[in-house]
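The structure appears right after this line, and notes come after that.
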Amino acid sequence: MPGGLLTDLYELNMAVSYLRRGMTGPATFSLFVRRLPAERGFLIAAGLEDCLAFLEQFAFTAADIAWLTESRRFREPDLEALRRLRFTGDVWAVPEGTAVFAGEPLVEVTAPIAEAQLAETVLLNHITFQTSIASKAARCALAARGAQLVDFSFRRTQGIEAGLAVARASAIAGFTATSNTEAARRYGLAAAGTMAHSYVESFGSEERAFTAFAEDFPGSTTFLVDTYDTEQGVHAAIDVALRLRLPGPVGVRLDSGDLATLAMRARRLLDDAALPDARIFASGGLDEHAIAALVARGAPIDAYGVGTKMGVSADAPYLDSAYKLVAYRGRPVMKLSQGKATWPGAKQVHRGRAGDQLSLREESGPRGHEPLLTEVMRDGRRLGPPEPLAQARRRCAASLAGLPATARTLRKPTPVPVTISPALAALRRQLVRDLSGRLDAEPRLAAPARP
């Protein structure tokens, strides 16, 4: 999808103004999160793949130009300039699955200023949303302590495309499957699903429903056992599994009630029936805190279906993200706005055992630190094929394992400290002095006389 109109109007206004004035110099924009949400000790970078796909395809279609023509907002030369516009810039980014912290750039774009400006809205959309979801999903994975997690969020995500993005972002964070079959097809994920209460109700009895389902799907049968009475449902599932001698793994799904107590009772019943390999699957309003509580109680749950609260990142549904100009035509720039001042220049993040350092791009970083941002696009083209999702998942697991326990904890976490390199700090001080002096030298309008 070319996406020329996938932007905010003020981006178009600025781009046209740049082009009218021949402002085609390279501009560097930095995309970062100003501060972490409460109860977050880290974020997991996600959304980069969609950003790169967007930039490679970026163009104004004939339909886009026709609509702009009808709006009569821009002149014909402006429209012609937009018709020819493509993204020709470079992108440096933190690879997906990497833990990141406030103030650290996730993506930096360098391109002719109109191109870089028009990329802002979509890049912020992809990175902000998918990073928030991957971070929530990673917390669920930490809470689950090795139990499997399945994305159940599709029916509750805020839009169809959001549902697809959630399936991918949660897979990066360690979820092993999704109920979303299109996401499974598109991203090569495992699809997972059992049955609904409506299926059980339609047969009039659990035994008839379970028998029909087992006959149709004998290789992998999970019975939803809480439609009426959960313990009776488990008994019915055991009876059907033993009577049909099912060849594949058998499971029971608990979707309501005291999940820990019910799981313990179900485990005893399954073991007593000589079904020690039968799995217990839990779902129903779960998030990382609910999962952690179940784990703490010793609930013998093998897998969790996590839906709404992960799919919308319920406790932190947005990030305070920004996409700010940090250099133009080789000149570092910054904002001085109170509470929103920025760090100038193209940057790098160097990671070490004791914490991260935010540096200028050309700096080598402290000894023992590794750079996080890598060049992923040059002259508008990716430098390699799309990364396999499994690689991002492995990176996420390793990145989480490398964090201190104080950053991973679910309650009152302490993020890893991020220091500023001496060179970057010196550049900022110099720019503040220069900008302050320039502002002081500008003539000020006199206050209007009182009548």
Side-chain angles (χ1 to χ4, degrees), residues 44 46 129-130 132-201 213 217 220-227 230 233 237 249 251-260 262-263 266 279-295 299 301-317 389 393 396 410:
I44 296 296
F129 176 68
Q130 295 185 44
S132 68
I133 298 300
S135 306
K136 180 73 170 177
R139 287 164 59 84
C140 292
L142 290 171
R145 301 286 183 88
Q148 290 187 317
L149 294 169
V150 179
D151 161 38
F152 267 19
S153 68
F154 193 24
R155 62 187 57 194
R156 300 290 177 79
T157 56
Q158 293 162 331
I160 302 303
E161 290 299 320
L164 296 168
V166 166
R168 185 178 182 278
S170 61
I172 289 173
F175 278 51
T176 58
T178 179
S179 66
N180 185 334
T181 53
E182 169 57 21
R185 182 196 69 81
R186 185 176 298 189
Y187 303 122
L189 306 175
T194 55
M195 61 181 71
H197 295 105
S198 58
Y199 183 86
V200 177
E201 293 164 350
F213 195 83
F217 305 101
S220 180
T221 306
T222 299
F223 303 103
L224 179 60
V225 296
D226 75 325
T227 303
T230 300
V252 296
R253 175 181 159 207
L254 310 173
D255 193 54
S256 59
D258 184 342
L259 294 176
L262 291 170
R279 291 162 53 82
I280 297 175
F281 190 100
S283 58
L286 299 178
D287 63 5
E288 67 269 41
H289 300 296
I291 293 171
L294 289 167
V295 171
I301 295 171
D302 302 291
Y304 298 89
V306 188
T308 303
K309 292 181 181 179
M310 184 276 293
V312 300
S313 187
D315 63 326
L389 199 57
R393 182 187 290 120
C396 181
L410 302 181

### Query
Do Leu389 and Arg168 come close enough that some side-chain heavy atom pair is under 4.5 Å?
yes
### Query
Between Arg279 and Thr222, is any pair of side-chain heavy atoms under 4.5 Å apart?
no
### Task
Measure the shortest side-chain to side-chain distance between Phe154 and Thr181 over non-hydrogen atoms and say whether it is less than 4.5 angstrom.
no
### Message
Side chains of Arg139 and Asp287, heavy atoms from C-beta outward: is any pair under 4.5 Å?
### Response
no
### Query
So, do Met195 and Val200 sit near enough that their side-chain heavy atoms are less than 4.5 Å apart?
yes
### Message
I need the Ile301 CD1 to Arg253 CZ distance, nearest 0.5 Å.
### Response
12.5 Å
### Query
Any ion pair linking Lys136 and Asp315 (charged N to carboxylate O, less than 4.0 Å)?
yes
### Message
Taking the side chain as everything from C-beta on, heavy atoms only, tell me whether Ile133 gets closer than 4.5 Å to Met310.
### Response
yes
## Note on the structure
For Ala190 and Thr176 the tightest heavy-atom approach is CB-O, 3.6 Å
### Summary
CG (Leu262) and OG1 (Thr230) are apart, to the nearest 0.5 Å, by 5.0 Å
### Task
Begin from the C-alpha positions of Glu288 and Leu142 and carry the test side chain to side chain contact (heavy atoms under 4.5 Å, CB included) through to its verdict.
CA-CA 8 Å; Glu288 67 269 41; Leu142 290 171; over 6 Å; no
### Task
Under the side chain to side chain contact (heavy atoms under 4.5 Å, CB included) rule, what do Val306 and Ile291 come out as? Steps first, then yes or no, please.
CA-CA 9 Å; Val306 188; Ile291 293 171; 3.9 Å; yes
### Message
Please find the pair of heavy atoms, one from Arg156 and one from Val312, that lie closest to each other, and give the distance.
### Response
O-CG1, 3.7 Å
### Query
Can you list the steps and then say if His197 with Asp226 is a side chain to side chain contact (heavy atoms under 4.5 Å, CB included)?
CA-CA 8 Å; His197 295 105; Asp226 75 325; 2.7 Å; yes
### Message
Is the shortest side-chain heavy-atom distance between Tyr304 and Leu294 below 4.5 Å?
### Response
yes
#### Entry: Phe175 and Leu189, any side-chain heavy atoms less than 4.5 Å apart
no
### Summary
Here the pair of heavy atoms bringing Ser132 nearest to Ala316 is CB-O, 4.4 Å
### Task
Show your reasoning for whether side chain to side chain contact (heavy atoms under 4.5 Å, CB included) applies to Tyr187 and Thr178.
CA-CA 11 Å; Tyr187 303 122; Thr178 179; over 6 Å; no
### Minimal non-hydrogen separation, Ile280 against Ala266, with atom names
CD1-CB, 4.1 Å
### Message
Minimum heavy-atom separation for Ala138 and Ile44, please, with both atom names.
### Response
CB-CG1, 3.8 Å
#### Entry: Distance-minimising heavy-atom pair for Phe129 and Gly311
CZ-O, 4.4 Å
### Task
Assess the side chains of Ser153 and Asp151: does a donor N or O sit below 3.5 Å from an acceptor N or O?
yes
### Query
Measuring from Tyr199:OH to Leu224:CG, what's the distance to the nearest 0.5 Å?
11.5 Å
